[in-house]
Amino acid sequence: MSQTVDRALSILPLLAQGPADLGQVAERLGVHKSTALRLLRTLHEHGLVYRQQDQRYRLGARLFALAQEAVENLDVREIAHPHLVALNEQIGHTIHLAVYEESEVLYIDKVESRYPVRMYSRIGKPVAITVAAVAKLLLADLPEAERRALAEKLDYPMYTSRSIPNRVAFLKELAVVREQGWATDLGGHEESINCIGAPIRGADGRVVAAMSVSAPNVVVTAEELLSLLPLVRRSADVISREYSGAAPSGDGPRTPRGNTPPKEAS
C-alpha cells in the first residue's frame with residue numbers, strides 16, 4: 001500500500017512540469033502502463049489530475065483548490081508562537097512577530113523579555129515602518145515597483161540621529177536587506193534600543209511574516225545582540241519550514257550569508 005501511495009504521489013511533481021501522456025508517466029515511475037493507468041484513474045476520480053482531450057494528463061483543479069484552502073487557513077502566529085517562546089527562553093530578550101497589511105506593518109505576537117527593562121510595544125500596534133527591522137524585512141520582499149511606490153508615500157521622521165532620513169536611503173537599505181536576508185535597527189527608533197530580525201517565508205519563498213529580537217543597550221550591547229543573529233535566523237527557518245509544510249532539516253544553526261554582521265547599521 002505504501003508503495004502504491006508513493007507512486008501515486010510521484011505523479012504530481014511530474015505533471016507539475018507540464019502535461020504528460022500515459023507512456024511518459026509509466027516510464028517515469030518505472031511501472032507497466034496498466035499500473036500507471038490505475039494510479040492516474042484514482043487521482044482523476046479525486047480531482048487531483050485531469051485528462052485532456054489529447055489524452056495527456058495535467059494537474060487537476062481540486063489540487064489547486066486544496067492548496068489555496070490550506071494557505072488561507074494557515075495561522076503564522078499559531079505556528080510561530082512556540083518557537084518564539086523557545087528562543088526567548090534561550091536568550092531572554094523581547095521577541096516580536098509582525099506582518100504587512102494594507103500599507104502597515106503590525107505586531108501580531110510578542111514574548112516579553114525576562115529582564116526588568118521592558119519595551120512598550122503592543123500586539124496590534126503598527127511599527128515605525130521606516131526604521132523597524134521587521135518592517136525592512138517585509139517591505140524588502142515586495143516587488144520593486146510596489147517598494148518604490150510605497151517609499152514615495154512614506155514620511156521619514158527622524159526619531160534619532162540613526163533614523164533613515166529619506167526615500168533614497170530607505171530604498172538602498174531595503175536592497176541591502178533583500179540581498180542579505182536579515183535586518184537590523186540599531187538605535188534607529190530609540191537610541192537605547194537595538195533590534196535584529198529575520199524573515200519567515202511561505203512555500204513560494206515569499207516573506208509572510210518577520211520576527212525580531214530587541215533589547216536595550218543597558219542589557220546587551222549592539223555587538224552582543226548581533227552575535228545572536230544565527231539563532232534568530234535558525235528559528236525563522238524552522239518556522240518557515242513548518243509554515244510551508246517542508247520536510248524538517250537536520251542542519252545545525254545557520255550563519256548569515258555574506259560577511260559578518262556589521263557593528264553598526266541603520
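All values reported here derive from a predicted model rather than from experimental measurement. Start at 1 with the first residue, then count along the sequence.
- Annotation: side chain of I196 is in contact with side chain of L226 (closest heavy-atom distance under 4.5 Å).
- No salt bridge links D21 with R56; every basic N to acidic carboxylate O contact stays at or beyond 4.0 Å.
- A distance of 8.0 Å separates CG of L37 from CZ of R51, quoted to the nearest 0.5 Å.
- Within the 4.5 Å cutoff, no side-chain heavy atoms of R162 are placed close to those of H189.
- No side-chain heavy atom of V208 sits under 4.5 Å from any side-chain heavy atom of R201.
- If you chain together hydrophobic residues whose side chains sit under 4.5 Å apart, V134 and L142 fall into the same group.
- A heavy-atom distance below 4.5 Å is not found between the side chains of K125 and L106.
- More than 12 heavy atoms of other residues, nucleotides or ligands lie within 6.0 Å of CD in E191, so this atom counts as buried by the packing criterion.
- Closest non-hydrogen pair, N194 versus G187, comes out as OD1-N, 3.3 Å.
- A donor-acceptor contact shorter than 3.5 Å is absent between the side chain of R233 and the backbone of W182.
- Between E224 and S227, the side chains place no donor N or O within less than 3.5 Å of an acceptor N or O (distance only, hydrogens not considered).
- Here NE2 of H93 is found 13.5 Å from NE2 of H96. Values are rounded to the nearest 0.5 Å.
- The heavy-atom pair separating L15 from Y57 by the smallest distance is CD2-O, 3.5 Å.
- A 4.5 Å side-chain heavy-atom check between R62 and H46 finds every atom pair outside the cut-off.
- Although no hydrogens or angles enter the test, the distance criterion places a donor-acceptor pair under 3.5 Å between the side chain of T42 and the main chain of R38.
- Looking at Y107 and V99, their side chains never come closer than 4.5 Å, going by heavy atoms from C-beta outward.
- Separating the CZ atom in R58 from the CD atom in Q52 is a distance of 5.5 Å, to the nearest 0.5 Å.
- Put simply, the side chain of S235 never gets that close to the backbone of L87: no donor and acceptor are under 3.5 Å apart.
- In this structure, S212 contributes its side chain and G197 its backbone to no donor-acceptor pair below 3.5 Å.
- Of all heavy-atom pairs spanning V76 and A209, the tightest one is CG2-CB, 4.0 Å.
- Rounded to the nearest 0.5 Å, atoms CD (E223) and CG (N217) are 13.5 Å apart.
- Counting only distance, with no hydrogens or angles, the side chain of N88 and the backbone of T94 share no donor-acceptor pair below 3.5 Å.
- A single hydrophobic cluster is not seen to contain both V131 and V176; linkage of ILVMFWY side chains at heavy-atom distances under 4.5 Å, directly or through other members, places them apart.
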TODO: Before giving the answer on side-chain contact (heavy atoms from CB on, under 4.5 Å), spell out for H83 and E242 the whole-Å C-alpha distance, their side-chain angles and the decisive distance to 0.1 Å.
DONE: CA-CA 10 Å; H83 300 288; E242 189 170 331; 2.8 Å; yes

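- L59 is not listed as a side-chain neighbour of L48, based on a closest heavy-atom distance of 4.5 Å or more.
- No donor-acceptor pair under 3.5 Å is formed between the side chain of S163 and the backbone N or O of P165.
- Distance OG1/T130 to NZ/K136: 8.5 Å, rounded to 0.5 Å.
- By the criterion of side-chain heavy atoms lying less than 4.5 angstrom apart, applied directly or through intervening Ile, Leu, Val, Met, Phe, Trp or Tyr residues, L228 is grouped together with V85 in one hydrophobic cluster.
- For OH of Y50, the number of neighbouring non-hydrogen atoms (other residues, nucleotides, ligands) closer than 6.0 Å is 12 at most.
- A continuous path of hydrophobic side-chain contacts links L63 to L40 [ILVMFWY only; heavy atoms under 4.5 Å].
- Checking side-chain atoms of T184 against main-chain N and O of L186 turns up no donor-acceptor pair under 3.5 Å.
- For V127 against A132, the heavy-atom pair with the smallest separation is CG2-CB, 3.9 Å.
- A donor-acceptor contact shorter than 3.5 Å links the side chain of R77 to the backbone of I108.
- Atom CD1 of I129 sits about 9.5 Å away from atom NZ of K153, to the nearest 0.5 Å.
- Taking 4.5 Å as the limit, some side-chain heavy atom of V5 sits within range of a side-chain heavy atom of L9.
- When all heavy atoms of C195 and A133 are compared, the pair lying nearest together is SG-CB, 3.9 Å.
- A donor-acceptor distance shorter than 3.5 angstrom exists from the side chain of R178 to the backbone of A140, with no hydrogens or angles considered.
- Criterion: ILVMFWY side-chain heavy atoms under 4.5 Å apart, direct or through other members. Under it, L97 and I123 are not part of a common hydrophobic cluster.
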Task: Stepwise side-chain contact (heavy atoms from CB on, under 4.5 Å) check, Y100 with L150 - done: CA-CA 12 Å; Y100 179 62; L150 179 64; 3.8 Å; yes

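- Heavy-atom neighbours of R147 CZ from other residues, nucleotides or ligands within 6.0 Å: above the threshold of 12.
- With hydrogens and angles disregarded, a donor-acceptor distance shorter than 3.5 Å links the side chain of Q55 to the backbone of Q53.
- Taking 4.0 Å as the cut-off between side-chain N and carboxylate O, E144 and R148 count as a salt-bridged pair.
- Nearest heavy-atom pair, R167 versus Y156, reported as atom, atom and distance to 0.1 Å: CA-OH, 3.4 Å.
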